[in-house]
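Working notes, beginning with the structure itself.
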Amino acid sequence: MKIENIIQKGVEAALAELYDFTPVANQIQIQNTRKDLDGDITIVVFPFLRVSKKSPEQTGEEIGIFIQQNVDVVNSFNVIKGFLNLEITKNYWIDSLLDAYTNENFGISSEGENPNTVMVEYSSPNTNKPLHLGHIRNNLLGFSISEILKANGNKVVKTNIVNDRGIHICKSMYAWQKWGNGKTPENSGIKGDHLVGEFYVEFDKHYKAEIAELVEKGLSKEDAENQAPSILAARELLLKWEAKDDETLNLWKTMNTWVYDGFEITYKKLGVDFDKIYYESETYLVGKKEVLRGLKKGIFYQKDDNSVWADLTNEKLDQKILLRSDGTSVYMTQDIGTAKMRFEDYSINEMIYVVGNEQNYHFQVLAVLLDKLGYKWGKDLYHFSYGMVELPSGKMKSREGKVVDADDLVEDMIKVARNVANELGKLESLSDSEAAETHRMIALGALKYFILKVDPKKNMLFNPEESIDFNGNTGPFIQYTYARIQSVLRKAAEKNISIHKNISVETISAKEKDLLKRVSLYPSIVNEAANNHSPAVIANYCFELVKEYNQFYHDHYIIGETDEEIRNLRLILSSTVASVIKKGMNLLGIEMPERM
RNA sequence: GCCUUGGUAGCUCAGUUGGAUAGAGCAACUGCCUUCUAAGCAGUAGGUCAUGGGUUCGAAUCCCGUCCAGGGUACCA
């Protein structure tokens, strides 16, 4: 049983016995004792003063005596101000270590008879440009939260909605037709998604110039934006596309294929994957049908220009457009269709959308719309709303080419990792391919950790010049510690030192105990990460664990220890720490090298 | 304007449902490699938790006001 639960029961018994008092939920506050004080577990006694009618010190003393006498695992106690600090027996901690050491699934809840099916949508790229740093955050969060939910016993379906149609791709298509000169990934040597992205930027350049020209001629900005030749041409392409015009469809297919080939490479590099991919081109008609059904039922209304709207003023939201006056569908239309299809395809208990916080409003509206359309799961959808990645110069803008490109970033990171490794003279014993593989792991470890250690809800700053480091609170620091432990375990094996599970030591040192305690926290951390939808919880835990291990490593001999029992304990401890690091970092999608 | 999120060390970030003296990393300075990986360990310095009130045994955390910043706000996604 977890130590918190044991103590909880003990305090309940104490309160009943001493003060004839039954506490309500959360009245018993159990926390870890501050490091600079004696004890392991601390109980806050302030909430009980009302029933004890005594001073904090006296109350703590009374409860402490009771618990010491009645709870086996409590060795001793002390009271400081209003805090009752309990010291837990050495044997309890050793048992908890053995549990972690022997249990391969330590920290993983087994799936129940009927595990919850959670669908996680993430990535969801538009097919008009390559992935950038913002997408990286999305992909890493989506992948990680999926892994975390799995570890908590859920059945997870990772999904991706590829926004492969719409005005954005028409812009790239038009630009390619007009200024492309038959350029292809093959004849230009440019990765497909990057090539299409170039035309998106090209479009915007011309579009902006046209607007400026029209404004010069005296048009209002709004009119100019709507009358520029480029945008008219792109809109015409969209209409042709929806009318299934052959030439348009062919170009669309060709350019999308270029993009998918490019995305696949990037996804692979990032180590993310999907169980089911939906394409907007296959879902938007379902959405359109739903909107028309809603219109018929009188849930939505039509304006004179034929556009279809939802009036959400009763829900304290706005009027929302669902179909444009020319009949084409918008972003919301396809999301309705996609949701419908997903719930038909899978028996989903929980739907999570990993989408940036700039779309908070969109998902509030989507939930209401689905609800209005009669889907009972509509208002239960969960928008995993994460913050933006900002550059020192501000927000990234694809159209202006002001982005940190995902592929470039990964390549740069690998280069830096290689340079650092060479400077330090590491990896010299490895073959070239092994070394390259390790550089890749370290580079991605640095990048992934950097992004995932931040609270997802918050905006974060990425400074290309100085953000990625390999020392301190970083992925490589954690990987380094893992590799270090592996090295120790290898050396132990070389010396034919075997590990046995009968730990018998007189005492354990303070550092050893700190480490043990940290290890035993892991399962509840995995739980917390799922409840808070936060990979950052795992990242921060791993950092704390590793920091403590390095202190332990610095202060204690392991193989060099002459007392065989102590040496055995330290080997078990080291091995367990390594395995917890690996498990935890795996939940973040970060691999651990054996040497570095 | 309205809605919404945030403001913690020079910089990047932690800080559990309100708890003890607010923590890390980077950058700066100082020590520690003839014994298991120095991508490490230890130390120094750095704070009016934006700001003013309130709630209470106790507030970075909860409530109200103000300032500043990000995001959203009806035919972009």
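Lettering follows sequence order; numbering is per chain, from 1.
A/Phe363 and A/Tyr353 have tilted rings, their planes meeting at an angle from 30° to 60° on a 0 to 90° scale. Ring-plane geometry between A/Tyr284 and A/Trp241 is classed as tilted, the angle between the planes lying from 30 to 60 degrees on a 0 to 90 degree scale. Below 30°, between 30° and 60°, or above 60°: for A/Phe384 and A/Tyr386 the angle between ring planes is above 60°, a perpendicular geometry.
Residue A/Tyr557 is classed as a base contact, given a heavy-atom separation below 4.0 Å to a base. Among the atoms of the strands shown, base atoms are found under 4.0 Å from some heavy atom of A/Phe46. Residue contacts for A/Glu594: at a heavy-atom cut-off of 4.0 Å it reaches a base atom on one of the strands shown. When heavy atoms are screened at a 4.0 angstrom cut-off, A/Thr42 is found touching base atoms of the nucleic acid. Looking at heavy-atom distances under 4.0 Å, A/Lys426 makes contact with a base. Residue-level contact check: A/Gln359 touches the bases, meaning some heavy atom is under 4.0 Å from a base atom. Residue contacts shown for A/Phe543 are limited to sugar-phosphate atoms, with no base heavy atom under 4.0 Å away. The residue A/Ile559 sits close to a base: some heavy atom pair falls under 4.0 Å. In this structure, A/Gly166 reaches neither bases nor backbone, as no heavy-atom distance under 4.0 Å exists between it and the strands shown. Using a 4.0 Å heavy-atom criterion, one finds that A/Leu461 contacts the sugar-phosphate atoms exclusively. At a threshold of 4.0 angstrom between heavy atoms, the contacts of A/Leu49 with the nucleic acid are absent. Contacts of A/Asn550 with the nucleic acid, taken as non-hydrogen atoms under 4.0 Å apart, involve only primed sugar atoms and P, OP1 or OP2.
Using P as the reference atom, B/U73 and B/G65 are 25 Å apart when rounded to the nearest Å. B/U21 and B/A14 have their P atoms separated by 25 Å, given to the nearest Å. Rounded to a whole angstrom, the distance from the P atom of B/G58 to that of B/G31 is 47 Å. Between B/U12 and B/U8, the distance separating the two P atoms is 8 Å to the nearest Å. Rounded to a whole angstrom, the distance from the C1' atom of B/G43 to that of B/G7 is 32 Å. As rounded to the nearest Å, B/A45 and B/G71 have P atoms that lie 40 Å from one another. Taking atom C1' on both nucleotides, B/C68 is separated from B/A27 by 26 Å, rounded to a whole Å. Comparing the same atom, C1', in B/A38 and in B/C57 gives a spacing of 49 Å after rounding to whole Å.
A donor and an acceptor atom never sit less than 3.5 Å apart when one is taken from the side chain of A/Ser307 and the other from the base of B/A74. Between the side chain of A/Lys458 and the base of B/U5, no donor-acceptor pair of N or O atoms lies under 3.5 Å. Side-chain N/O atoms of A/Asp555 and base N/O atoms of B/C41 include no donor-acceptor pair closer than 3.5 Å. Taking 3.5 Å as the limit, the base of B/A20 and the side chain of A/Asn85 contain a donor-acceptor pair of atoms between them.
Taking 4.0 Å as the cut-off between side-chain N and carboxylate O, A/Glu548 and A/Lys511 do not count as a salt-bridged pair. Ion pairing between a basic and an acidic side chain is recognised when a charged N comes within 4.0 Å of a carboxylate O; A/Glu225 and A/Lys208 show no such pairing. With salt bridges taken as basic N to acidic carboxylate O contacts below 4.0 Å, none links A/Arg165 and A/Glu282. A salt bridge links A/Glu437 to A/Arg440: one of the charged nitrogens lies within less than 4.0 Å of a carboxylate oxygen. Note on A/Lys171 versus A/Glu202: no salt bridge recorded, every NZ/NE/NH1/NH2 to OD/OE distance being 4.0 Å or above. With respect to A/Asp193 and A/Lys129, no salt bridge is recorded, no charged nitrogen being found less than 4.0 Å from a carboxylate O.
Contact check, A/Asn471 against B/G40: a side-chain N or O comes under 4.0 Å of OP1 or OP2. Contact annotation: A/Gln29 side-chain N/O to B/U17 OP1/OP2 distance is not under 4.0 Å. For the pair A/Arg484 and B/A38, the criterion of a side-chain N or O lying under 4.0 Å from OP1 or OP2 is met.
For A/His168 and B/C76, the NE2 to P distance is 12 Å, given to the nearest whole Å. Put simply, CE on A/Met460 is 15 Å from P on B/G7, counting in whole angstrom units.
In this structure, the side chains of A/Met255 and A/Ser172 come closer than 4.5 Å at one or more pairs of heavy atoms. Contact annotation: the side chain of A/Ile161 approaches that of A/Thr283 to within less than 4.5 Å [non-hydrogen atoms, C-beta and beyond].
Within a heavy-atom distance below 4.0 Å of RNA chain B, the residues of residues 311-336 of chain A found are A/Asp318, A/Gln319, A/Ile321, A/Arg324, A/Ser325, A/Val330, A/Tyr331. Of the residues in residues 530-541 of chain A, those placing a heavy atom less than 4.0 Å from an atom of RNA chain B are A/Asn540, in numerical order.
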Stepwise salt bridge (Lys or Arg N to Asp or Glu O under 4.0 Å) test for A/Glu57 and A/Lys81 = CA-CA 6 Å; A/Glu57 288 77 8; A/Lys81 296 187 197 169; over 6 Å; no

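A/Lys582 NZ: 12 or fewer foreign heavy atoms inside a 6.0 Å radius. Atom CG of A/Asp36 has more than 12 neighbouring heavy atoms from other residues, nucleotides or ligands inside a 6.0 Å radius.
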key: Nucleotide-level pairing of RNA chain B, given in dot-bracket where Watson-Crick and G-U pairs need both distances under 3.5 Å and | marks other strands   = (((((((..((((.....[...)))).(((((.......))))).....(((((..]....))))))))))))....

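In the set B/A14, B/A20, B/A77, the nucleotide with an atom closest to the side chain of A/Arg34 is B/A20. Checking B/A14, B/A20, B/C26 against every side-chain atom of A/Asp469, the shortest atom distance belongs to B/C26. Comparing atom distances between the A/Lys547 side chain and each of B/G40, B/C36, B/A24 picks out B/A24 as nearest. Distance from the side chain of A/Val454 is smallest for B/A14 among the nucleotides B/A14, B/U21, B/C41. Side-chain proximity of A/Met388 to the nucleotides B/A39, B/C76, B/G71 is greatest for B/G71. Considering only the side chain of A/Asp305, B/C75 comes nearest among B/A39, B/C41, B/C75.
Base orientation of B/C33: syn, since the glycosidic angle falls within 90° of 0.
By the criterion of a centre-to-centre distance under 5.5 Å and near-parallel planes under 30°, the ring of A/Phe477 forms no stack with the base of B/G40.
Note: A/Tyr549 and A/Phe552 meet the aromatic proximity criterion, with ring centroids under 6.0 Å apart.
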